[in-house]
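Here the structure is laid out as structure tokens; the discussion comes afterwards.
This is a predicted model, so every value here is computed, not measured.
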Amino acid sequence: MAKYQGKVYLGYEEEIIVEKHQTQLNYTINKIGGFPDWPPIKDIKFSTKCPVCSLHRLLIVQCYAPLEGSVYHRTLYVFACINPSCWTQSESWTCVRSQIQDEPTKTSAVVRIPSADTNLSWCKGSDDWDENDNGDTTNGNVLFVDNSPLNGVQRHSDEEDESNSYDLETVEQALGNLQVDAHNANMSPVQGAVGAVGAPVPVAELEGGDEPGLVLVETPSAPLDNMEILFHQMIELPPDIRTCLLSGPLQFIPKYIYVEEEWNKTYNDSDKVTELLNKYKRDNEIEVGSVAERGSGGVGCDDEAYEEAAPLHGDRLFHAFLTRLHQSPGQILRYSRDEPPLLGAPLPTSENTTESPYSPTVCLRCGSRLACELQLVPAFADTLRIPNNNMPLTHLHFLSVLIFTCTQSCWQPNDRLVEETVIFQPEVI
């Protein structure tokens, strides 16, 4: 039996949220940047200051994520510090979850059905047909048929067409007086167009000294800079942005997020392929292991088993990560509570490692299992723009940002915001 494949939703960058859209924003909107749209809950207290450098953090994404069968509206807010020394640290990122109980409206809409005697009038004169034999009005344009002016020319009856025709002798006389410019290339004594006399002839010249056939080959010099060190080189935050972040929070240019379900052809066709393969084996009386044995067996066999080649860089996990992303170009985030995240680098399960951030598995509030619910992929960083200069900050990039949430979505009546777990994965070099 094929394994059940859960749904994965993909997010794509959409239009910029302008001033006229501000009245439509609320906690049910998926968006990039901007300021958080909190639900109408009293006494919401959230500090945007970074615990590492004390600069104010910016809202990265707001994701509306209600649960099936739940009575709560549920929204995830992800914040991050854009200080270069903090951006790559998971401690400088945070995700808070808000929930508000859904209150169904008690009012019902009443649809009034018009009676049969109602006289509907689509437009004035809509029932007037064929009242004017000499003219027709269509789309407001008057079309004249007979004895009416058309473009300033008087149209007469068919009996007068012969009298209005041009005289043949007048036409022949006009053609006889027709003159053609003598400078025309087709009328010149020389057939066809020619270039000017005495024009310079292009000649290829070889530069060189006493040895005209000598070819000089210069050996390229080795680079003096270590590119890996340059990638890890720490840059400074622009002074104007740092000053603003010291006094209060900034925002990235807000943009809507378009969401659709991921369609994976491999998963959808796996059951059908398996069924066809089993039918082929039954019809041809082929044993289950005979195909594999013949493909990997004797020398000179025509049917050879397919062996997937490893990528040149040797990292199969990263190769599979990029291949899956390229199946749906333009995706900036992935959302699923059923499927595991799409990893481009492994996550260790032990705290005794410094290669990658440690991934917790248990909710610290209720002890339930944690699951990766939201994942930001590398293309998301390209959508982040500061309103001052509308230019991206060069250090804002990552491999993945993984948001782990409680599978039970634990919530107490006196809760306002619940903090979730964020894992930052840097780019693979």
Working to the nearest 0.5 Å, report the span between [atom1] of [X] and [atom2] of [Y].
| X | Y | atom1 | atom2 | result |
| --- | --- | --- | --- | --- |
| Ile32 | Leu384 | CD1 | CG | 7.0 Å |
| Cys366 | Gln408 | SG | CD | 6.5 Å |
| Leu237 | Cys81 | CG | SG | 8.0 Å |
| Ser400 | Leu333 | OG | CG | 11.5 Å |
| Thr383 | Ile60 | OG1 | CD1 | 8.5 Å |
| Cys53 | Ile82 | SG | CD1 | 9.5 Å |

- Message: Among Thr75, Ile44, Leu76, Val418, exactly one meets side chain to side chain contact (heavy atoms under 4.5 Å, CB included) together with Ser98. Which residue is that?
- Response: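 Checked Thr75, Ile44, Leu76, Val418 against Ser98; only one passes side chain to side chain contact (heavy atoms under 4.5 Å, CB included): Thr75.
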Beyond-backbone contact of [X] with [Y], side-chain heavy atoms, under 4.5 angstrom:
| X | Y | value |
| --- | --- | --- |
| His21 | Ile29 | no |
| Val422 | Ser90 | no |
| Leu58 | Ile386 | yes |
| Ile403 | Tyr335 | no |
| Phe252 | Leu396 | yes |
| Gln425 | Leu347 | yes |
| Phe35 | Thr48 | no |
| Glu427 | Pro378 | no |

Does [Y] offer a backbone N or O that forms a donor-acceptor pair with the side chain of [X] under 3.5 Å?
| X | Y | result |
| --- | --- | --- |
| Trp93 | Trp87 | yes |
| Gln62 | Asp37 | yes |
| Gln331 | Leu325 | yes |

Residue pair [X] / [Y]: nearest heavy atoms and the distance that separates them:
| X | Y | result |
| --- | --- | --- |
| Thr407 | Ser368 | OG1-CB, 4.1 Å |
| Gly6 | Asp338 | CA-CB, 3.7 Å |
| His73 | Tyr27 | CB-CE1, 3.6 Å |
| His397 | Phe424 | O-CZ, 3.8 Å |
| Ile100 | Pro39 | CG2-CB, 4.1 Å |
| Pro51 | Glu91 | CG-O, 3.5 Å |

Residues in salt bridge (Lys or Arg N to Asp or Glu O under 4.0 Å) contact with [X], at least two apart in sequence or another chain:
| X | answer |
| --- | --- |
| Arg365 | Asp415 |
| Arg416 | none |
| Arg57 | none |

- Message: Could you work out, with ring-ring contact (aromatic ring centres under 6.0 Å, His included) as the rule, every residue matching Phe79, not counting sequence neighbours?
- Response: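 Expected list: Phe46.
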- What residues, two or more places apart in sequence or in another chain, satisfy side chain to side chain contact (heavy atoms under 4.5 Å, CB included) together with Ala381?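 Here the qualifying residues are Phe398.
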Throw together a table of side-chain donor-acceptor distances under 3.5 angstrom for residues 11-19, partners on residues two or more places apart or in other chains.
| residue | atom | partner | partner atom | Å |
| --- | --- | --- | --- | --- |
| Tyr12 | OH | Glu260 | OE2 | 3.3 |
| Glu13 | OE2 | Lys255 | NZ | 2.8 |

- Item | Test log, rule salt bridge (Lys or Arg N to Asp or Glu O under 4.0 Å), inputs Arg97 and Glu373 | CA-CA 12 Å; Arg97 166 171 50 94; Glu373 182 173 355; over 6 Å; no
- Starting from the C-alpha separation in whole Å, work towards a yes-or-no answer on side-chain contact (heavy atoms from CB on, under 4.5 Å) for Arg242 and Leu55. CA-CA 8 Å; Arg242 175 177 287 273; Leu55 294 180; 4.0 Å; yes
- Query: Given the rule in the side-chain contact (heavy atoms from CB on, under 4.5 Å) test, do Leu402 and Leu343 qualify, once you have shown the distances and angles that lead to the verdict?
  - Reply: CA-CA 9 Å; Leu402 309 173; Leu343 295 179; 3.8 Å; yes
- Message: Between the side chains of Glu68 and Arg337, is the shortest nitrogen-to-carboxylate-oxygen separation below 4.0 Å, so that they form an ion pair?
- Response: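 Salt bridge absent between Arg337 and Glu68.
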- Query: With the threshold set at 4.0 Å, does a side-chain nitrogen-carboxylate oxygen contact exist between Glu262 and Arg324?
  - Reply: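 Looking at Glu262 and Arg324, the cut-off is met.
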- Message: Set out, in order, the CA-CA distance, both residues' side-chain angles and the distance that settles side-chain contact (heavy atoms from CB on, under 4.5 Å) for Leu67 and Ser409, then state yes or no.
- Response: CA-CA 9 Å; Leu67 302 181; Ser409 191; 3.6 Å; yes
